[in-house]
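What follows is a single structure, written as structure tokens, with notes after it.
Heavy atoms only: backbone and side chains are in, while hydrogens, waters and symmetry mates are out. For this chain, numbers begin at 1 and follow the sequence in order.
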Amino acid sequence: MKETLIIFSRYPEPGKTKTRMIPALGAVGAADLQRQMTEHTLKTAIALSESREVAIEVYFAGGNLELMREWLGTGEYVPQAEGDLGEKMKSAFEKAFVAGRERVVIIGIDCPDLDRQILTQAFATLKHQDLVLGTAADGGYYLIGLNRPVTELFEGITWGTERVLAQTQDIAARLGLNVGYLATLSDVDRPEDLPIWQKYLT
């Protein structure tokens with residue numbers, strides 16, 4: 001396969017995931033939200049794989065390989081690297097390119113509006129752009145894709161702030177990268193974001 005979609009998630013252990021939601025949902029409720037949103041994202045990824053040849057890999061924190069398989073079934077599960085989010089993503093990209101992939105996209109599970117059409121557009125964009133970004137309404141990004149390793153994009157970023165996208169754009173401009181952009185979407189990070197998710201509940 002020439003394309004890989006990497007999903008970053010966390011095993012839904014109460015008290016260790018979606019902690020900003022705990023005041024509204026409690027520790028168990030926040031973990032359940034993590035579980036549901038991961039399953040929603042994986043379902044979207046599987047739908048993509050039914051229409052194009054793309055490998056799906058789940059990079060996880062917390063839990064272990066056995067727990068991940070019990071939860072999500074058979075699949076490709078990889079423990080996230082040590083370090084900050086930049087180190088984790090840099091490592092994931094490097095592994096995929098070493099394995100011979102030509103287009104690699106990383107997403108999280110916090111953006112339920114991310115659909116198969118946007119993922120399809122992301123991979124298509126990487127055929128003629130160096131970098132593709134799905135911009136998030138909070139000043140970050142919900143998707144990043146590359147067609148070769150660019151380690152500088154993950155260095156010196158103040159992760160978890162509203163400056164992430166701007167800092168990434170500055171680095172891309174300095175490196176002379178061609179950048180493609182996807183639709184701006186909203187993350188579900190805080191209690192006030194819950195209405196974005198609730199429309200997906202049946």
For this session: For residues D193 and D187, determine if any side-chain heavy atom of one lies less than 4.5 Å from a side-chain heavy atom of the other.
Result: no
Exercise. Which one of I7, I46, D110 satisfies the side-chain contact (heavy atoms from CB on, under 4.5 Å) criterion with T41?
Worked result: I7
For this session: Indicate yes or no: does D113 engage K199 in a salt bridge with an N to O separation below 4.0 Å.
Result: yes
Exercise. Are L126 and L182 connected in a single hydrophobic cluster, I mean Ile/Leu/Val/Met/Phe/Trp/Tyr linked by side-chain heavy atoms less than 4.5 Å apart?
Worked result: yes
Exercise. Side chain of K88, backbone of A81: donor and acceptor closer than 3.5 Å?
Worked result: yes
Problem set entry | Nearest-0.5 Å distance that lies between atom CG in L72 and atom OG in S9 | 7.5 Å
Exercise. L153 versus L146: any side-chain heavy-atom pair under 4.5 Å?
Worked result: yes
Problem set entry | Same cluster (ILVMFWY, side-chain, under 4.5 Å), L175 and V104 | yes
Problem set entry | Student check: side-chain heavy atoms of V150 and F93 closer than 4.5 Å | no
Problem set entry | Spatial distance of atom NZ (K2) from atom CG (N147) [nearest 0.5 Å] | 13.0 Å
For this session: Decide whether V188 and I118 are clustered together by the hydrophobic rule: side chain heavy atoms of Ile, Leu, Val, Met, Phe, Trp, Tyr closer than 4.5 Å, transitively.
Result: yes
For this session: Taking all heavy atoms of T184 and all of A136, pick out the closest pair and write down the distance.
Result: CG2-C, 4.0 Å
For this session: State, yes or no, whether a side-chain contact exists between S91 and K95 at a heavy-atom distance under 4.5 Å.
Result: yes
Problem set entry | Chi angles and distances behind the side chain to side chain donor-acceptor pair (under 3.5 Å) call for T158, Q167 | CA-CA 8 Å; T158 51; Q167 290 172 333; 3.1 Å; yes
Problem set entry | Validation row: V54, R103 side chains within 4.5 angstrom (heavy atoms) | no
Exercise. Is D189 close to D138 at the side-chain level, that is, under 4.5 Å between some pair of heavy atoms?
Worked result: yes
Exercise. Which atom pair, heavy atoms only, marks the closest approach of F60 to L65?
Worked result: CZ-N, 3.8 Å
Exercise. Can R35 and E39 be counted as an ion pair, charged N to O under 4.0 angstrom?
Worked result: yes
For this session: Applying side chain to side chain donor-acceptor pair (under 3.5 Å), run through T17 and R10 and close with a yes or a no.
Result: CA-CA 7 Å; T17 182; R10 174 176 283 278; 4.9 Å; no
Problem set entry | Under 3.5 Å: donor-acceptor pair, side chain of T19, backbone of K16 | no
Problem set entry | Transitive ILVMFWY side-chain link L85 to L114, under 4.5 Å | no
For this session: Return the orientation label for the W159 and Y141 ring planes: parallel under 30°, perpendicular over 60°, tilted otherwise.
Result: perpendicular
Exercise. Is the closest side-chain heavy-atom distance between R52 and T120 below 4.5 Å?
Worked result: yes
For this session: List the steps and the verdict of side chain to side chain contact (heavy atoms under 4.5 Å, CB included) for L194 and M21.
Result: CA-CA 9 Å; L194 283 170; M21 291 292 188; 3.9 Å; yes
Exercise. When rounded to the nearest 0.5 angstrom, what distance separates CG in N178 from OG1 in T125?
Worked result: 12.0 Å
Exercise. So which heavy atom on R116 is nearest to which on T44, and how close?
Worked result: N-CG2, 3.7 Å
For this session: Any chance you could lay out the side chain to side chain contact (heavy atoms under 4.5 Å, CB included) test for V58 and T38, step after step, and finish with the verdict?
Result: CA-CA 10 Å; V58 177; T38 299; 5.7 Å; no
For this session: Using a strict cut-off of less than 4.0 Å between a Lys/Arg side-chain nitrogen and an Asp/Glu carboxylate oxygen, indicate whether K90 and E155 qualify as a salt bridge.
Result: yes
Problem set entry | Minimum heavy-atom distance between A30 and L25, given as atom pair plus value | N-CB, 3.8 Å
For this session: Work out which heavy atom in A172 is nearest to a heavy atom in V179; give both atom names and the distance.
Result: CB-CG2, 3.9 Å
Exercise. Out of curiosity, R148 CZ to L131 CG, how far, rounded to the nearest 0.5 Å?
Worked result: 9.5 Å
Exercise. What is the ring orientation for Y59 with F8, classed by angle as parallel under 30°, tilted 30 to 60°, or perpendicular over 60°?
Worked result: parallel
Exercise. Are there more than 12 heavy atoms of other residues, nucleotides or ligands under 6.0 Å from atom CD of E70?
Worked result: yes
Problem set entry | R69 side, atom CZ; L67 side, atom CG - distance, nearest 0.5 Å | 11.5 Å
Exercise. Same cluster for M37 and Y200 if Ile/Leu/Val/Met/Phe/Trp/Tyr side chains link at under 4.5 Å?
Worked result: yes
For this session: Provide the closest heavy-atom pair for P112 versus S186 in the form atom of the first, atom of the second, distance.
Result: CD-O, 4.5 Å
Problem set entry | Within-4.5 Å side-chain heavy-atom neighbours: L143 and L185 | no
For this session: Decide, yes or no, whether a salt bridge links D32 with K18 under the criterion of side-chain N to carboxylate O below 4.0 Å.
Result: no
For this session: Check the pair L48, I56 against side chain to side chain contact (heavy atoms under 4.5 Å, CB included), reporting the backbone distance first and the verdict last.
Result: CA-CA 10 Å; L48 175 74; I56 299 168; over 6 Å; no
Problem set entry | Pairwise distance CD(E53) to CZ(F123) - rounded to 0.5 angstrom | 12.0 Å
